[in-house]
Amino acid sequence: MHNLSEARAQKRELWQARIEDWQASGLNQSAYCRQQGLALPQCQYWKRRIYETEPRRGLRLVPIKMEKESSAASESREPIRLHAHGYILDIGSGSDVTLLAAILDVLGGR
């Protein structure tokens, strides 16, 4: 059992090194896999597996304080502008928070 977990850890380390090498290469994933003689679906699998279990880096949630205001004042309010990973998001009142969370999740993974 101990050898099996060691083998899994070594395989994961190998694929993590390959994924990092690919990202540093400047090639797209398909070209890198062809060049290295790797199966593209296997590379895609390991990329997902490695990055789904690692914490997102570079994305930090910051609490904000909201104050109640009249409905007329909230309708005329300028949207909140959020800069994230080179993108700019304008978030207006009444925005879909589920969609916003999904967008931030995607941007956090880049």
Side-chain angles (χ1 to χ4, degrees):
M1 181 93 147
H2 184 64
N3 289 337
L4 182 60
S5 62
E6 280 182 25
R8 286 181 180 160
Q10 288 175 348
K11 190 171 188 176
R12 182 182 179 82
E13 287 174 15
L14 171 68
W15 276 100
Q16 185 160 4
R18 285 176 174 166
I19 298 300
E20 289 171 1
D21 187 45
W22 156 61
Q23 291 174 331
S25 74
L27 298 171
N28 66 39
Q29 195 174 25
S30 179
Y32 177 81
C33 289
R34 266 194 314 275
Q35 183 184 68
Q36 298 297 315
L38 302 170
L40 179 60
Q42 194 173 23
C43 289
Q44 292 168 334
Y45 166 81
W46 279 101
K47 179 180 177 265
R48 274 192 316 274
R49 183 156 181 196
I50 288 167
Y51 287 105
E52 283 178 1
T53 59
E54 286 187 357
R56 301 279 189 207
R57 289 178 251 168
L59 182 63
R60 193 177 77 224
L61 299 179
V62 179
I64 59 171
K65 183 178 179 181
M66 301 290 289
E67 295 181 12
K68 290 184 180 182
E69 59 184 308
S70 71
S71 60
S74 66
E75 288 174 12
S76 65
R77 175 189 284 168
E78 291 292 318
I80 296 171
R81 180 157 281 181
L82 174 67
H83 297 260
H85 302 281
Y87 295 92
I88 298 173
L89 299 173
D90 287 330
I91 306 163
S93 63
S95 294
D96 181 343
V97 293
T98 305
L99 176 60
L100 177 59
I103 291 168
L104 291 173
D105 187 46
V106 168
L107 293 176
R110 294 190 181 267

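Values in this document were obtained by computation on a predicted structure and should not be read as measured data.
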So do Ile91 and Pro79 actually touch side chain to side chain, heavy atoms under 4.5 Å?
no

Output all residues satisfying salt bridge (Lys or Arg N to Asp or Glu O under 4.0 Å) with Arg8, sequence neighbours left out; order by chain, then residue number.
none

Working to the nearest 0.5 Å, report the span between CG of Asp21 and CD of Gln16.
12.5 Å

Going by the rule side-chain hydrogen bond (donor to acceptor under 3.5 Å, both in side chains), which residues pair with Ser25 if we only count those two or more places apart in sequence or in a different chain?
none

Just to verify, what does Gln29 make a side-chain hydrogen bond (donor to acceptor under 3.5 Å, both in side chains) with, not counting sequence neighbours?
none

Between CG on residue Leu40 and NZ on residue Lys47, distance to nearest 0.5 Å:
11.0 Å

Can you list everything that forms a side-chain contact (heavy atoms from CB on, under 4.5 Å) with Leu38? Sequence neighbours excluded, please.
Trp15, Arg18, Tyr32, Cys33, Gln36, Cys43

Hey, what do you get for CZ (Arg81) to CG (Asp90), rounding to the nearest 0.5 Å?
4.0 Å

Who pairs with Ala24 by side-chain contact (heavy atoms from CB on, under 4.5 Å), at least two apart in sequence or on another chain?
none

Straight-line distance of Gln35 CD to Ser30 OG, nearest 0.5 Å:
11.5 Å

Tell me, please, which residues at least two apart from Asn28 pass side-chain hydrogen bond (donor to acceptor under 3.5 Å, both in side chains).
none

Measuring from Gln10:CD to Arg12:CZ, what's the distance to the nearest 0.5 Å?
14.0 Å

